[in-house]
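Worksheet: the structure to be examined is printed underneath.
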Amino acid sequence: MGKVYKKVELVGISSEGIEDAIQTALTRARKTLRNLDWFEVKEIRGSLRDGYFNTYQVVLEVGFRLDDED
């Protein structure tokens with residue numbers, strides 16, 4: 001039987017780095033979503049405060065497998 005996935009878009013934010021922003025988003029997703037199988041980075045940007053670096057913002061598309069029907 002085939003598998004079916006759903007995709008959701010998340011934005012992870014961190015002042016530490018891009019990888020930390022990704023981990024922030026995935027850590028939060030694991031708390032409420034099951035069967036996470038993949039992610040794709042769609043956008044990377046940063047925010048400024050008073051013209052200086054503030055945070056990294058990474059937009060992720062996360063795929064999770066839907067449970068099989070019984």
Study note, to complete from the structure: Output for pair (Lys3 NZ, Asp37 CG), nearest 0.5 Å, gives 7.0 Å
Point to revise | Salt bridge present between Lys7 and Glu9 (N-O < 4.0 angstrom) | key: no
Practice item. Decide yes or no for Tyr56 and Glu16: does some side-chain heavy atom of the first lie under 4.5 Å from some side-chain heavy atom of the second? Key: no
Check your understanding: Side-chain contact, heavy-atom cut-off 4.5 Å: Asn54 with Leu48?
Key -> no
Practice item. Kindly determine whether Phe64 and Val8 satisfy side-chain contact (heavy atoms from CB on, under 4.5 Å), including the steps that lead there. Key: CA-CA 8 Å; Phe64 61 96; Val8 295; 3.8 Å; yes
**Study point:** Val11 with Leu36, same ILVMFWY side-chain cluster at under 4.5 Å
**Key:** no
Practice item. Rounded to the nearest 0.5 Å, what's the gap from OG1 on Thr24 to CZ on Arg28? Could you check? Key: 12.0 Å
Review point. Out of curiosity, does Ile18 fall in the hydrophobic cluster containing Val59 (side-chain heavy atoms, cut-off under 4.5 Å, transitive links)?
Key: no
Point to revise | Nearest heavy atoms of Thr27 and Arg30, plus distance in Å | key: OG1-NH2, 3.2 Å
Check your understanding: Applying the 4.5 Å side-chain criterion to the ILVMFWY set and letting contacts propagate, would Ile13 and Ile22 be lumped into a single cluster?
Key -> no
Exercise for review: Report whether Leu10 and Tyr5 are members of the same hydrophobic cluster (ILVMFWY, side-chain heavy atoms less than 4.5 Å apart, transitive linking).
Suggested key: no
Check your understanding: Can Phe53 be reached from Ile44 by stepping across I, L, V, M, F, W or Y side chains whose heavy atoms are under 4.5 Å apart?
Key -> yes
Point to revise | Distance-minimising heavy-atom pair for Ser14 and Ala21 | key: CB-N, 3.6 Å
Check your understanding: Would you call Arg49 and Thr55 a side-chain contact if the rule is heavy atoms closer than 4.5 Å?
Key -> no
